[in-house]
Amino acid sequence: MHLTEISASDFDLEKTLDSGQVFHWEKMDDGFCGTIGQRGVYVEQRGDELRVTRGYGELAAHYFALDHPLANICRSFPRDPAMEAARKFCRGLRIIRQPKWECLATFICSSMKQVTHIRQISRKLRERFGDARKIGHHELFAFPSGQRLAACSEKELRQCALGYRAKTLLATARLITSGPVDLERMSALSDVDLREMLCELPGVGAKIANCVMLFAYERLHAFPIDVWIERVLREKYFPSARKLNAARLRTFTQEYFGEHGGYAQQYLFHYARRGASKSNNRSKIKNRIRMGARR
DNA sequence: CTCCAGGGATGAT
DNA sequence: ATCATCCATGGA
């Protein structure tokens, strides 16, 4: 396979692909294969260099946001123990520039799902409705267009293990392909208007809207709050708060984590999932419950 | 504000 | 082989 080398300092490919932003990259040889838009791409990291499928250097550099000023972004994080630990652990993790429809559709599928399951849904949608691409002898599939999914029946989508998400994914696919909503044009909207419009789409609430803003619209201030992040916030930032509703958390995160709050969120998220020791929250919580139950 | 359906993989027993 | 657990949205 012929590869192009591009310079990629301050970048960690594996962490970036494993941090819950994208769900379709697979390990292959010494790197990963996946799609960037409609292109099938192989990429591997060698220190400060990336080797990517010949001809796709610029495509990859843009996708992996190698131009984000990561040192400056990390400097803008607040100085507190949790953030420092996450920053150290996630060195080189970048927020990818994803295609808008692919990102929106994938995150609609993600609701109430764990990462491994989201990966399977993404794979099934691609295999059944996406266009095939070859990397060497390995076949993979691009994410299907909105038009393609809009033409599906709800039943067909359900067969991709989508459950009740089939209905909202289908409804949103039809909205974005039949006129009323133009994902590309929405780039021009302010954060507030963009979030509001995304939340109008079936299957999109505050959390998924923020994910799409962060991963597909480059709104680096957007701060998605899922259960992992909420756990971190409660434990590290509000250890003894009694009433802590969504509005209070939202206000806090928007102000405290600064102009690149989305990056801070991604670092805290990845550190919580991958960095904390293996005997982490789950067993601790279970022990606590067990101890409590004895009294 | 609270409660709860929803689907399928995964981990515990 | 069962049983509990993980999870965001939307509607009651």
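First the proteins, then the strands, lettered A, B, ... as listed; each starts at 1.
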Check: A/Arg165 and A/Arg158 side chains under 4.5 Å, non-hydrogen atoms: no
Take the protein atom [atom1] of [X] and the nucleotide atom [atom2] of [N], then report the distance between them rounded to whole Å.
X        : N      : atom1 : atom2 : result
A/Asp226 : C/dC6  : CG    : C1'   : 12 Å
A/His117 : B/dG8  : NE2   : C1'   : 5 Å
A/Arg273 : B/dT10 : CZ    : P     : 13 Å
A/Lys243 : B/dC1  : NZ    : P     : 10 Å
A/Tyr164 : B/dG8  : OH    : P     : 11 Å
A/Arg123 : B/dG8  : CZ    : C1'   : 14 Å
A/Gln114 : B/dG8  : CD    : C1'   : 10 Å
A/Ile118 : B/dA9  : CD1   : C1'   : 12 Å

Which nucleotide in [options] has an atom nearest any side-chain atom of [X]:
X        : options              : result
A/Lys113 : C/dC6, B/dC1, B/dG7  : B/dG7
A/Gln120 : B/dG8, B/dC1, B/dT10 : B/dT10
A/Asn245 : B/dC1, B/dA9, C/dC6  : B/dC1
A/Thr116 : B/dC1, B/dT10, C/dT9 : B/dT10

Counterpart base for C/dA12, defined by Watson-Crick or G-U wobble contacts under 3.5 Å: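 When the pairing criteria are applied, B/dT2 turns out to be the nucleotide that pairs with C/dA12.
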Salt bridge A/Asp18-A/Arg273, side-chain N to carboxylate O under 4.0 Å: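 Salt bridge flag = no for A/Arg273 with A/Asp18.
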Point-to-point distance, once rounded to the nearest 0.5 Å, from CG of A/Asp12 to OG of A/Ser19: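 Going from the CG atom of A/Asp12 to the OG atom of A/Ser19 covers 9.5 Å.
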Touch class at under 4.0 angstrom, heavy-atom based, for A/Leu201 against every strand present: sugar-phosphate
Sugar-phosphate only, base, or nothing, as touched by A/Lys207 at under 4.0 Å among non-hydrogen atoms: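 Result for A/Lys207 = sugar-phosphate.
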Salt bridge (charged side-chain N to carboxylate O under 4.0 Å, His left out) evaluation trace for A/Glu230 with A/Arg234: CA-CA 6 Å; A/Glu230 186 165 338; A/Arg234 285 179 187 279; 3.0 Å; yes
Comparing A/Arg165 and A/Thr168 on DNA chain C - which has the more 5′ nearest nucleotide: A/Arg165
Salt bridge (charged side-chain N to carboxylate O under 4.0 Å, His left out) evaluation trace for A/Glu102 with A/Arg126: CA-CA 10 Å; A/Glu102 175 177 329; A/Arg126 289 164 184 275; 3.1 Å; yes
